[in-house]
Every structure is written in C-alpha cells, then in structure tokens.
*Asks:* 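First the structure, which I've put down as structure tokens, then a few questions once you've had a look.
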Amino acid sequence: ETKSLVSWNSTIFKMSQGTKPISIRVIIPLQRNEYVLEALRGYYSQIVRPNVSVSFSFILHSQPYTVSDYDQMMNAPWIIKAVQAAERDGVDGVLIDIAFDTGLTIAKHLVNIPVVGALQSAIGMSVSLSNKFSILAVCDIEVAVDHRIAAEYQVSHRLASVELLDVPVMDMHRFPDKTYEAALEAGLKAIGKGADTLILGCTGSIGLAPRLQQELNIPVLEGSSIGFYTLENMIRLNLSQSKKWFGAPDNVVPLTDEEYQQYQEITYTLVDSDTKINVPRKTKKKKKPKRTD
C-alpha cells in the first residue's frame with residue numbers, strides 16, 4: 001500500500017512538473033478545411049508547452065458554421081463520434097473547440113478520459129477572475145443561445161450581457177481590423193452594463209484577446225487557449241469528469257471500425273511532444289542518385 005502511494009505521488013509529481021508526456025486531441029466542428037488547418041498550426045505552435053502532443057480532428061459532416069441551436073444539433077452526433085475515436089486512439093484528453101460546447105455533456109458520459117469545452121472553461125475562469133462577465137456574440141441568433149447556455153451552467157446571475165459583433169464567422173480572419181473595431185465597441189457596451197470580464201463568443205477569433213485586453217484593461221478570455229490549458233492541467237493532476245454524475249448510458253452505440261477508419265483519415269498531428277509542427281503532407285519521392293562509375 002505504501003509503495004502504491006509513493007508510486008502514485010511520483011506520477012502526479014512528474015505530471016504536475018510537466019515532465020511526463022501527454023497527448024491532447026482538439027476537435028473542431030467542421031469538415032476538413034485547409035485554411036483552418038493552417039491557422040491552427042500557427043496558433044497551437046505558440047501555446048503548446050513541452051511534453052505535450054497535440055492532434056486535431058475534423059468531423060465527417062458539419063454545418064458550414066455553428067451559430068444556432070439547429071447547427072449544434074446537426075453537428076453533435078459527429079462530434080460525439082470524434083470523441084469516441086479519440087479515446088480509441090489512446091489520447092489523454094479531448095478539447096471540443098467551439099464556443100457553444102456542442103456535444104460536451106454527452107461526450108462526458110461516453111468516455112473515461114477528460115473532456116472539456118471552450119466556453120465552459122472560459123466561464124469557469126471568468127467566475128474566478130471577476131463578478132460579472134459578458135459574451136461577445138458573432139451574430140444576433142447567437143445571443144439567445146448564449147443566454148440559454150449561461151442558464152444551463154447556472155451562471156445567468158453572473159452574465160452582464162451578450163453583445164453583438166455582427167461580423168460573419170468567415171470574415172473574422174479576413175478582416176482583422178474590422179473585427180477588432182467591432183469587438184472594441186461591443187466590449188465598451190458590455191463594461192457599461194457592468195461586465196468586468198469579456199468572453200470571446202467564437203473560437204474563430206483567436207489572437208484577438210491580447211490587444212482587446214490591453215485596450216479595455218479588463219480580462220478578455222479566449223476559450224480555445226483556456227480550454228486547452230484547463231485540459232492539460234486536469235490530465236497532469238489525474239482528474240476527469242465524475243462517473244458518479246456522468247455515468248455511461250446502457251444503450252451506447254459503439255463506434256464502428258469503418259467510422260473509426262474514416263476519422264483516422266481526417267485526424268492530424270499538429271504539434272508533437274517537443275513542440276515541432278508535424279502536419280502530414282504529401283512527400284516527394286526521393287530521386288535515386290546518379291551513378292558516377
């Protein structure tokens with residue numbers, strides 16, 4: 001018993017010190033998209049820490065973008081299958097990288113590895129950092145969705161407002177200055193309504209938080225990075241969702257071998273454990289050296 005306790009403490013120490021390699025799967029609720037893939041390569045190369053391997057999975061079928069409850073319901077079954085595939089791959093944890101946490105609760109029921117959502121992680125951080133938070137929504141249909149999710153997470157009393165950016169999802173990277181100006185205006189409105197922390201309501205707005213935080217002088221939370229580090233810390237502390245609450249249903253439909261293979265084809269290693277980018281690419285055949293004799 002003493003030996004097992006020492007061994008467990010040693011494992012926790014190694015994990016907490018970041019000396020034990022861990023693997024994280026990031027799930028994006030889109031079909032395979034080269035532009036998104038390249039954007040994620042750049043983003044994760046900046047935030048990943050040593051001894052962390054990051055892989056990334058698209059889903060087999062998806063809406064063009066997720067802004068409504070309808071979009072969520074259409075995407076959820078495919079996100080859940082991606083989570084099942086991730087556990088089968090042997091990763092240590094999964095981040096569902098969408099600001100609606102689509103399929104998060106169901107995923108927690110289905111697998112034993114920890115699963116976190118971008119929005120839930122950001123809300124948890126905001127409650128720790130401040131009294132009231134506001135969410136910056138991409139479009140008007142998201143406003144009602146964010147209020148519903150806040151009620152589901154039992155934080156409506158901490159939600160100062162949901163402010164509208166009115167910038168199409170696909171325009172956020174193409175027009176960064178326009179996106180920033182819209183976010184700044186929405187942030188000022190939120191502060192006027194009592195917010196002392198802002199949550200970016202779209203995981204496509206990566207890179208916006210530092211500039212906005214400096215300008216507004218309040219915490220601005222980006223769900224992707226907060227969710228990623230939350231998951232990493234959970235793994236290193238040997239924590240996962242409680243199976244007393246998130247127990248598995250009796251009638252779970254397992255992932256078929258065919259479905260698993262399909263997800264293998266849309267899963268990529270983005271960052272390996274020594275922080276080098278390793279996105280699969282087509283390799284050119286090496287030319288045979290010419291004979292000199």
Side-chain angles (χ1 to χ4, degrees), residues 7-30 32-33 36-59 79 82-99 101 103-104 107-108 110-125 128 200 203-210 221-241 263-281:
S7 176
W8 186 82
N9 283 337
S10 175
T11 300
I12 291 294
F13 177 77
K14 288 180 180 178
M15 294 285 262
S16 64
Q17 295 298 304
T19 57
K20 184 173 180 179
I22 64 172
S23 59
I24 289 175
R25 174 70 48 83
V26 179
I27 295 174
I28 303 297
L30 291 171
R32 189 182 184 281
N33 183 303
V36 172
L37 188 60
E38 291 303 312
L40 288 171
R41 288 181 69 238
Y43 179 68
Y44 279 95
S45 67
Q46 296 178 56
I47 72 169
V48 71
R49 292 186 280 209
N51 294 315
V52 180
S53 297
V54 182
S55 56
F56 166 81
S57 176
F58 292 100
I59 59 177
I79 291 174
V83 174
Q84 290 176 303
E87 185 175 52
R88 187 164 168 177
D89 278 338
V91 302
D92 295 305
V94 173
L95 166 63
I96 299 178
D97 196 9
I98 180 171
D101 294 343
L104 177 62
K108 288 181 178 183
L110 293 184
V111 298
N112 293 311
I113 56 176
V115 186
V116 304
L119 181 59
Q120 191 174 64
S121 299
I123 288 176
M125 181 66 74
S128 176
L200 299 178
T203 51
S205 58
I206 54 177
L208 186 62
L221 309 181
E222 190 176 73
S224 296
S225 57
I226 294 172
F228 185 83
Y229 289 133
T230 297
L231 178 60
E232 181 185 341
N233 289 333
M234 287 173 66
I235 294 167
R236 293 201 181 283
L237 292 170
N238 199 31
L239 296 173
S240 186
Q241 57 270 7
Y263 274 96
Q264 289 290 294
E265 293 171 2
I266 53 173
T267 298
Y268 301 84
T269 300
L270 291 185
V271 184
D272 65 20
S273 59
D274 61 0
T275 74
K276 294 178 182 177
I277 303 300
N278 184 30
V279 178
R281 299 180 182 275

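Residue indices begin at 1 and follow the sequence shown. Both backbone and side-chain heavy atoms feed into the values below; hydrogens, waters and symmetry mates do not.
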*Asks:* Answer yes or no: is there a donor N or O on one side and an acceptor on the other, between the side chain of Gln264 and the main chain of Ala85, under 3.5 Å?
*Replies:* no
*Asks:* When you compare the side chain of Tyr263 with that of Ile59, does any pair of heavy atoms fall below 4.5 Å?
*Replies:* yes
*Asks:* Ala118 and Leu95: which non-hydrogen atoms are nearest, and at how many Å?
*Replies:* N-CD1, 4.0 Å
*Asks:* The test is side chain to side chain contact (heavy atoms under 4.5 Å, CB included); show your working for Phe228 and Val48 and say whether it passes.
*Replies:* CA-CA 9 Å; Phe228 185 83; Val48 71; 4.2 Å; yes
*Asks:* Any chance you could measure Leu231, atom CG, to Ile24, atom CD1, to the nearest 0.5 Å?
*Replies:* 4.5 Å
*Asks:* Flag the pair Leu40 / Tyr268 as yes when at least one side-chain heavy-atom distance between them is below 4.5 Å, and no otherwise.
*Replies:* no
*Asks:* After noting the C-alpha distance and the side-chain angles of Val111 and Val94, does the key distance pass the side chain to side chain contact (heavy atoms under 4.5 Å, CB included) rule?
*Replies:* CA-CA 10 Å; Val111 298; Val94 173; over 6 Å; no
*Asks:* Got Tyr43 and Ser225 here, is their nearest side-chain heavy-atom distance under 4.5 Å?
*Replies:* yes
*Asks:* After noting the C-alpha distance and the side-chain angles of Ile226 and Tyr229, does the key distance pass the side chain to side chain contact (heavy atoms under 4.5 Å, CB included) rule?
*Replies:* CA-CA 5 Å; Ile226 294 172; Tyr229 289 133; over 6 Å; no
*Asks:* Is there a donor-acceptor pair closer than 3.5 Å between any side-chain N or O of Asp92 and the backbone N or O of Ile235?
*Replies:* no
*Asks:* Are the side chain of Glu232 and the backbone of Gly227 linked by a donor-acceptor contact shorter than 3.5 Å?
*Replies:* no
*Asks:* Would you name the heavy atoms of Val115 and Gln241 that are closest together and state the gap between them?
*Replies:* N-OE1, 3.2 Å
*Asks:* Is Thr267 reaching over with its side chain to a backbone N or O of Ser57, donor-acceptor style, under 3.5 angstrom?
*Replies:* no
*Asks:* I'd like to know if the side chain of Ser240 reaches the main chain of Asn112, judged simply by a donor and an acceptor atom lying under 3.5 Å from each other, with no hydrogens or angles considered.
*Replies:* yes
*Asks:* Ignoring hydrogens and geometry, is there a side-chain-to-backbone donor-acceptor pair from Asp101 to Leu119 under 3.5 Å?
*Replies:* yes
*Asks:* Rounded at 0.5 Å granularity, tell me how far CG in Asp89 sits from OG in Ser23.
*Replies:* 9.0 Å
*Asks:* For the CD1 atom of Ile28 and the OG atom of Ser224, what is their distance to the nearest 0.5 Å?
*Replies:* 6.5 Å
*Asks:* Mark yes or no for whether Glu87, through its side chain, and Val83, through its backbone, hold a donor-acceptor pair below 3.5 Å.
*Replies:* no
*Asks:* So, taking the atom named CD1 in Ile27 and the one named CG in Asp97, what distance separates them when rounded to the nearest 0.5 Å?
*Replies:* 10.0 Å
*Asks:* Determine yes or no for a side-chain-to-main-chain donor-acceptor pair under 3.5 angstrom, with Gln84 supplying the side chain and Leu110 the backbone.
*Replies:* no
*Asks:* Within a strict 4.5 Å, meaning less than it, do heavy atoms of the Pro114 and Leu239 side chains meet?
*Replies:* no
*Asks:* Any chance you could lay out the side chain to side chain contact (heavy atoms under 4.5 Å, CB included) test for Leu37 and Phe56, step after step, and finish with the verdict?
*Replies:* CA-CA 9 Å; Leu37 188 60; Phe56 166 81; 3.9 Å; yes
*Asks:* With rounding to the nearest 0.5 Å, note down the distance linking CZ in Arg49 to CZ in Arg236.
*Replies:* 7.5 Å
